[in-house]
Amino acid sequence: MIEFENVTKYYKEQVGLENVSVSIKMGDFVFLVGPSGAGKSTFVKLMLKELEADSGVIRFGDMEVGNLSNREIPLLRRGIGIVFQDFRLLPKKTAFENVAFAMEIVRSTKRTIKRQVPQVLDLVGIPDKGDKYPHELSAGEQQRVAVARAIVNNPTVLIADEPTGNLDPDTAWGIMRVLERINNRGTTVIMVTHAKEIVDRMNKRVIAIENGHIIRDDVGSYGYKESQKCVPEEGAFGNYGD
Amino acid sequence: MGISIICAFREGAKQLFRNKGMSLASIFSIVAMMLILGVFFSFIVNLDVAMEAAKQDYDTVQVFLLETTDKEAAARMVKDLNDMDEVIKARYISKEEALIAWKVQWGESGYLLESLEENPLPNAIEIDVATLEGADAVVQKVKTFSGIEDILYYKDTVEKLISITKSVKIATLVMMIFLIAVSVVVVTNTIKLTVNSRGKEIEIMKYVGATNWFIRGPFLLEGIFIGLISALIAFGIVSLIYSKAMGLVGAEILLIVGIPMVPVKYLAFNLAIIFIALGISVGASGSIISMRKYLDT
Ligand SMILES: Nc1ncnc2c1ncn2[C@@H]1O[C@H](COP(=O)(O)OP(=O)(O)OP(=O)(O)O)[C@@H](O)[C@H]1O
Ligand SMILES: [Mg+2]
């Protein structure tokens, strides 16, 4: 349902992505890995139409991203939830209000907001933190609020650009469980990460980008094929559960 | 819907007070711009009215006769003039008739003329001409007569008035374009403060799929608010100044030129509309420009 077809994006001379073709199915959980400057964020920005591809076709569902007018971009983005490394919560709003904010933007009614926000906070594992301000929350809890905000409008895809980058391993695993739970509800999850540990143990599809090219696309590990053996079939979170 | 509009306006007002200093600067600059516009606008309107009045006398040439010119000489002139193609009608007006006409024209103030010991007016010939060009020919003809003290016709006056009005209008237009640009820049910078302080919020709104107009809404209202407040202030000041000016010179102008100033009532309505439209457009364009950077996609 997400399709890149020979997509190329240059920043002046610098390669962002070059002739990238990839397809991600509805309901998938995909890791996007690669060294710094590989083009991962470029990939994400092209999907959101924050950037315009130089050539190639990007499809999202039945939308052709390149052909969307400025007025249609909001529609595209309502289908995609996004989470960043630095949470990006509004400091003067409580957890509840931060999540509700996303619903107000799509003009949800007060009643829907009141019903939906607690459900989502529950889903991300912080049912009792609704009235807390970001500075009163731990980093992991803040990221959970960010995830809640990203999914509250029921996007078909959740994109997380290094969501665990600022978190210690235990907390990171907590977020991973949340993402997995969201994926199990049917939401496609695309996670950009450098965390080899996490990728190796999740045993999901891994798309590796380097220098603007996809150099590998298979199920399993962050690194080379041989390390795939280390990935346990189940109970990946055995030691980290929350 | 009604509630959300009220909420939005409250937000706009809140923003206004949050940036008190810059908001005041914006309001000040828009008010100054409108004051200048208001003064020139009033001036132009009055000039136009004066011109219309002068144009009604366009087609009349008045010839004042010397004391020494007798009735027979005057009658001969009238006959000569009536023979001309350009002349519709020429007629002799004695100074007694002229005085009576004058008294009638002055109306209530006519009693002022009672105190005159001697009629100061000359005998005259009044000529109605068919066209403005005809007036020139008539004047040439009159100049060949002897016993003429003065010739009064309005072609020059009207032409001068037209050219003055034109210059004033052009000058006002140029000045307005400049002043409007300055106001827009000041408003833009004011709203940029708010926009920048809420950059994070705007970014999140965009990621969640807010439309550009949804994001612009509160900032647009802030701008429109600034514009409307400025319009009200400027309107108040201009009306006050104008009615004061009318109180001071209005009556005298009435006596001297016989043309009254345009009453405040008539001006006020037009000014109010102009100020409000201008305030809203300056405020709105300021806020739209201030957000351009954030909303390019
Ligand atoms: N706005 C920009 N202008 C110019 N070059 C850019 C811009 N954004 C990214 N680049 C370059 O494009 C390449 C890909 O960048 P991108 O942000 O996609 O990398 P990344 O894989 O997300 O890296 P990281 O893991 O560090 O976030 C890099 O070489 C980067 O320097
Ligand atoms: Mg990146």
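A, B, ... follow the sequence lines: proteins, then strands. Residue 1 opens every chain.
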Examine whether an atom of Leu89(A) lies under 4.5 Å from a heavy atom of chain B, and if so say whether it belongs to the side chain, the backbone or both; otherwise answer neither.
-> backbone

Using a heavy-atom distance cut-off of less than 4.5 Å, which residues of residues 97-113 of chain A contact chain B?
-> Phe101(A), Ala102(A), Glu104(A), Ile105(A), Val106(A), Arg107(A)

Which answer fits Arg149(A), side chain, backbone, both or neither, if we ask what part of it has an atom under 4.5 Å from a heavy atom of chain B?
-> side chain

Those residues at least two apart in sequence (or on a different chain) that pass salt bridge (charged side-chain N to carboxylate O under 4.0 Å, His left out) with Arg88(A) are Asp86(A), Glu203(B)

Region of Ile80(A) that comes under 4.5 Å of a non-hydrogen atom in chain B = backbone

Chain B contacts: which residues in residues 119-137 of chain A have a non-hydrogen atom closer than 4.5 Å to it?
-> none

Just wondering, more than 12 heavy atoms not from Lys166(B) lying within 6.0 Å of its NZ?
-> no

Nearest atoms (heavy-atom pairs only) where Arg78(A) meets Ala210(B) = NH2-CA, 4.2 Å

Across all chains, not counting sequence neighbours, the side chain to side chain contact (heavy atoms under 4.5 Å, CB included) partners of Tyr11(A) are Lys9(A), Gln14(A), Thr42(A), Leu51(A)

Between Asn153(A), Leu90(A), Leu75(A), which residue shows the highest count of heavy-atom pairs closer than 4.5 Å to chain B?
-> Leu90(A)

So does Phe40(B) have more than 12 non-hydrogen atoms from other groups sitting under 6.0 Å from CZ?
-> no

Looking only at non-hydrogen atoms, find the nearest pair between Pro74(A) and Gly209(B) and report the distance.
-> CB-O, 3.3 Å

